[in-house]
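Order of listing sets the numbers, starting from 1, for every ligand and every atom in it.
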Amino acid sequence: MEDVYAVILAAGAGTRMKSEKAKVTHELCGKPMINWVIDAVKGAGVTEVIVVTGYQEEQVRSRISEDVIFASQKEQLGTGHALMQTLPLLNDKKGSCLVLCGDIPLITAQTLRHMVKDHIHNGRAMTLLTAVVEDPDGYGRIIRDSGGNACRIVEHKDADAEQLKIKEINSGIYCYDIQWLVKSLKGLDNNNEQKEYYLTDTMAIIYENGGNIGAIILDNHEEMLGINDRVQLAAAERVLNRRIIERHMKNGVTFLIPDSCIVEESVSIGPDTVIYPGTILKGSTSIDSNCVIGPNCMISDTMIGKNTKVICSIISESQIGEHTTVGPFAYLRPGSIVGEKVKIGDFVEIKKSIIGDETKISHLTYVGDAEIGKNVNLGCGVVFVNYDGKVKNKTIVGDNSFIGCNVNLISPVEVKPNSYIAAGSTITEEVPEYSLAIARSRQTIIKDWVIKRGRLRGKESDN
Ligand code: UD1
Ligand code: CA
């Protein structure tokens with residue numbers, strides 16, 4: 001492909017979103033709207049991408065990690081005016097330039113590539129993508145001349161009753177010959193309902209000057225969905241989520257009810273992993289092969305090894321080894337590093353702790369700021385008392401130790417390897433290797449207390 005430029009318009013506020021944030025920074029499947037468009041353009045082989053920013057310029061620019069050139073539109077006077085701001089960059093260039101709105105995240109690299117090829121092959125002044133839709137509300141309408149050639153676009157707000165009935169709409173995706181674009185932009189005015197410089201008016205100018213225009217009607221109009229409000233945002237997110245999940249399914253991942261899951265773009269999943277309904281996978285999460293995840297898990301920025309099971313649990317910024325089980329109802333907070341063949345059972349919370357291989361933490365336990373060795377058993381209801389009201393302290397539990405039920409480990413404290421702690425103990429001092437620690441008061445029996453005190457309950461007490 002010859003050198004192709006692209007301009008993405010992202011200077012508008014997006015008032016219909018009713019948001020404090022600029023429209024193009026709203027995320028879909030974990031990626032800002034504008035980045036979906038940039039990635040599609042780059043995937044189509046475009047060499048130089050120019051992004052026009054204006055409203056909340058700094059915030060918008062800070063969300064863009066890709067290599068692009070920025071142009072600034074200080075006042076938002078319309079899409080045509082936005083493009084005029086790129087004239088210093090394009091003026092003396094030759095070749096083709098894609099122009100897209102920044103609010104069409106569903107557009108694919110494949111469609112753009114096809115469009116650019118067709119444009120260049122036919123040596124046109126302008127090519128645009130259109131679609132025939134059931135509900136053209138809000139979109140610009142394509143007007144065709146008596147010969148059936150597309151000759152201009154009428155914006156919804158400027159359209160008369162007859163024009164409003166037209167179902168062929170402007171996608172906001174164009175490919176221009178750069179010199180034709182430069183010339184037509186110079187002819188724009190703002191004599192319309194919105195008092196804006198419409199990019200769409202370039203079409204009539206090119207047509208009247210004898211330029212060759214092609215309107216490609218796209219069958220898959222899903223790709224053109226423009227996001228103007230939250231309803232359209234949700235509709236687009238559904239499509240992107242489905243695309244992501246289908247990609248994983250094609251790579252060998254089973255999803256039981258795909259539509260019930262949300263998987264962000266940056267997540268990776270190995271083959272033969274099974275994802276049960278209600279699972280949300282976010283950020284840089286990577287799940288290895290043959291795992292079982294869900295139902296009802298939320299996992300963010302976490303690495304999970306092969307053959308591991310996670311059921312009904314929440315995990316963030318953590319690492320989990322192979323052949324481990326987590327849940328149901330476990331909560332792993334940032335910095336949890338869990339080894340292989342570990343069991344983290346129900347109602348266990350772990351925070352910023354290392355858990356060695358083959359250790360079992362089966363139920364109702366809080367582990368915070370701890371280093372637990374290998375093959376340790378924590379009974380039910382163990383609490384790592386890591387916070388003294390001022391600072392967080394560390395607890396170390398050595399390999400092969402056994403901590404009985406309902407033990408409090410008052411940190412900082414160390415339990416040496418191969419030791420036992422009796423149930424119900426409150427441990428404040430180091431437990432040496434090979435020893436048993438008991439730290440609870442002895443049981444007292446007061447004989448016949450119930451009868452002497454007249455405290456018998458149930459049937460006999462009626463007498
Ligand atoms: C635009 C088209 C319409 C088309 C629709 C497709 C025009 C005049 N209309 O309408 O024909 O059917 O897209 O989705 O082009 N922007 C700027 N600066 C501005 C105004 C807008 O950069 O001064 C940017 C916005 O950030 C946005 C894009 O241009 O990303 C489109 O603007 P928007 O107001 O959403 O245009 P539509 O009314 O949807
Ligand atoms: Ca729009």
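Taking every non-hydrogen atom of Lys23 and a distance limit under 4.0 Å, the qualifying atoms of ligand 1 come out as 35 (O). Proximity to Ser171 (heavy-atom distance under 4.0 Å) selects the following atoms of ligand 1: 6 (C), 14 (O). Each of the atoms 8 (C) of ligand 1 lies under 4.0 Å from some heavy atom of Tyr198. Every atom of ligand 1 with a heavy atom of Ala82 under 4.0 Å away is listed here by number and element: 17 (C), 18 (N), 22 (O). Interface atoms of ligand 1 facing Asn228, defined by a heavy-atom separation under 4.0 Å, are 35 (O), 39 (O).
Residues Asp67 and Lys42 meet the side-chain proximity criterion, which asks for heavy atoms closer than 4.5 Å.
With respect to atom 12 (O) of ligand 1, the closest heavy atom belonging to the protein is Asn170 O, 2.6 Å. With hydrogens left out, the protein atom closest to atom 10 (O) of ligand 1 is Glu155 OE1, 3.9 Å, a heavy atom. At the shortest separation from atom 37 (P) of ligand 1 among protein heavy atoms lies Arg16 NH2, 4.1 Å. Of the protein's heavy atoms, Gly12 N, 2.9 Å lies nearest to atom 26 (O) of ligand 1. Nearest protein neighbour of atom 18 (N) of ligand 1, counting heavy atoms only, is Gln73 OE1, 2.7 Å. Protein heavy atom at the shortest distance from atom 21 (C) of ligand 1 is Thr79 CG2, 3.8 Å. Nearest non-hydrogen protein atom to atom 31 (C) of ligand 1 is Cys101 SG, 3.5 Å. For atom 27 (C) of ligand 1, the closest heavy atom belonging to the protein is Leu9 O, 3.8 Å.
On a distance-only criterion, Gly140 and ligand 1 share at least one N/O pair closer than 3.5 Å. Taking any N or O of Gly102, backbone or side chain, at least one lies under 3.5 Å from an N or O belonging to ligand 1. Inclusion of Asp103 in the set of residues having an N or O under 3.5 Å from an N or O of ligand 1 is warranted. When only interatomic distances are considered, the shortest N/O to N/O separation between Val52 and ligand 1 does not fall below 3.5 Å.
In Ala10, the part holding a heavy atom less than 4.0 Å from any atom of ligand 1 is the backbone.
Between the side chain of Ser318 and the backbone N or O of Arg333, at least one donor-acceptor pair lies under 3.5 Å. Side-chain atoms of Ser184 come within 3.5 Å of backbone N or O of Trp180 as a donor-acceptor pair.
In this structure, Leu77 counts as a contact residue of ligand 1, since one of its heavy atoms falls inside 4.0 Å of the ligand.
Each of Thr325, Thr324, Asn290 was scored for a side chain to side chain donor-acceptor pair (under 3.5 Å) with Asn307, with one residue passing: Asn290.
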Evaluate the criterion salt bridge (charged side-chain N to carboxylate O under 4.0 Å, His left out) for residue pair Asp201 and Arg152; output intermediate values, then yes/no. CA-CA 7 Å; Asp201 286 346; Arg152 66 194 176 97; over 6 Å; no

Given Tyr207 and Asp145, is the side chain to side chain donor-acceptor pair (under 3.5 Å) satisfied, shown in steps? CA-CA 10 Å; Tyr207 179 82; Asp145 65 16; 2.5 Å; yes

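Nearest N, O or S atom of Asp103 to the Ca ion (ligand 2): atom OD2.
Taking all atoms of both residues into account, the shortest heavy-atom contact from Glu193 to Lys157 is CG-O, 3.5 Å.
For Phe347 and Phe329, the distance between ring centers is under 6.0 angstrom.
Side-chain N/O atoms of Ser411 and Asn386 include no donor and acceptor closer than 3.5 Å. Between the side chains of His81 and Gln73, a donor-acceptor pair is found at a separation under 3.5 Å.
Per-atom contact check: atom 1 (C) of ligand 1 does not touch the protein, criterion being a heavy-atom distance below 4.0 Å.
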